Amino acid sequence: MDLNLKNNRNTRIWLMKSEPDVFSFSDLEKRKNQKEQWDGVRNYQARNFMMKDMQVGDKVLFYHSNASPTGIAGLCEVIEEAKPDVTALDPNSEYYDPKATQEQPRWFAVTVGKPQKLNRFVSLVELREKKELKEMLLLRKGQRLSILPVTQHEYNCILTMASSRK
DNA sequence: GCCAACGTTGGC
DNA sequence: GCCAACGTTGGC
């Protein structure tokens, strides 16, 4: 499976999926200081993006998954580097991982903030219709990773879509 | 709710 | 290390 997900230092833009029923873009806007640690990720590839590749200042497309409609709900930024995801240590958390310990936290998460509204929601259906986005990882069959790198070109294209009418 | 397409687990 | 069984993701 060649998804071209290798470590890429030029990557400064990411797409992060969240189920709006759990945590939506407007939830981020309402948070104190408008920031939130991206906890609950329990996939190593997504974790490694947060631990190894994401840097403070990276741009993030906030994507609503498992929703109607699904799509890009807003923008935000990485504002703190990855730190231990303490929900893994909490037996009462739905994200509890018995294999995680204080010494070996196992799961890490960046903190995102600076939510920035888009003129409008850009749905997955619309993204699929764009020829320019044909190669976008999000749109690949079987791609389920909850954190994905986005190219500058894809980012620009989506911002243009969001600032213009359907 | 269905189910394709993944990822993870654990026996061997 | 292989791989079947199982669990999860996420669009529809």
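Chain naming here is simple, since letters A, B, ... match the order of the sequence lines and numbering starts at 1 in each. This is a predicted model, so every value here is computed, not measured.
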* Asked: Does one side chain, of A:S24 or A:D27, offer a donor that lies under 3.5 Å from an acceptor on the other?
  -> yes
* Closer than 4.0 Å, any side-chain N/O of A:K141 to the OP1 or OP2 of B:dA4? -> no
* Expected output: side-chain A:D39 to main-chain A:V86 donor-acceptor under 3.5 Å -> no
* Asked: Separation of A:W107 atom CH2 from B:dT8 atom C1', in whole Å?
  -> 10 Å
Below 3.5 Å is the cut-off: list the nitrogen or oxygen pairs between protein and nucleotides 10-12 of chain C, distance only.
from: C:dG10; atom 1: OP1; to: A:K17; atom 2: NZ; distance (Å): 3.1
from: C:dG10; atom 1: OP1; to: A:R144; atom 2: O; distance (Å): 2.4
from: C:dG11; atom 1: OP1; to: A:Y63; atom 2: OH; distance (Å): 2.8
from: C:dG11; atom 1: OP2; to: A:N66; atom 2: N; distance (Å): 3.0

* **Contacting residues from residues 92-106 of chain A, given that a heavy atom lies under 4.0 angstrom of DNA chain C** => none
* Asked: Is there a donor-acceptor pair under 3.5 Å between the side chain of A:E29 and the backbone N or O of A:P115?
  -> no
* Asked: Rounded to whole angstroms, how far apart are CD on A:Q45 and P on B:dC6?
  -> 12 Å
* Asked: Under the ring pair (Phe, Tyr, Trp, His ring centres under 6.0 Å) test, which residues partner A:F108, sequence neighbours left out?
  -> none
* Structure fact -> side chain to side chain donor-acceptor pair (under 3.5 Å) pairs touching residues 123-135 of chain A, sequence neighbours excluded, are A:R120-A:E126
* Asked: So, are A:R42 and A:D97 salt-bridged, with charged N and O less than 4.0 Å apart?
  -> no
Can I get a per-line list of side-chain donor-acceptor pairs under 3.5 Å for residues 15-23 of chain A, giving both atom names and the distance, sequence neighbours left out?
from: A:K17; atom 1: NZ; to: A:L145; atom 2: O; distance (Å): 3.1
from: A:S18; atom 1: OG; to: A:F23; atom 2: O; distance (Å): 2.5
from: A:E19; atom 1: OE2; to: A:N66; atom 2: ND2; distance (Å): 3.4

* **Relative orientation of the end axes in the helix from B:dG1-C:dC12 to B:dC12-C:dG1, expressed as an angle to the nearest 10° (five pairs per end)** => 10°
* When you measure from the side chain of A:Q143 to the backbone N and O of A:M136, does any donor-acceptor pair fall under 3.5 Å? -> no
* Give the C-alpha distance, both sets of side-chain angles, the deciding distance and a yes or no for side chain to side chain contact (heavy atoms under 4.5 Å, CB included) between A:V150 and A:K59. => CA-CA 9 Å; A:V150 174; A:K59 305 290 183 198; over 6 Å; no
* Asked: Looking at the rings of A:W14 and A:Y63, which for Trp means the six-membered one, are their centres under 6.0 Å apart?
  -> no
* Roughly, in whole Å, what's the span from CZ in A:R140 to C1' in C:dT9? -> 18 Å
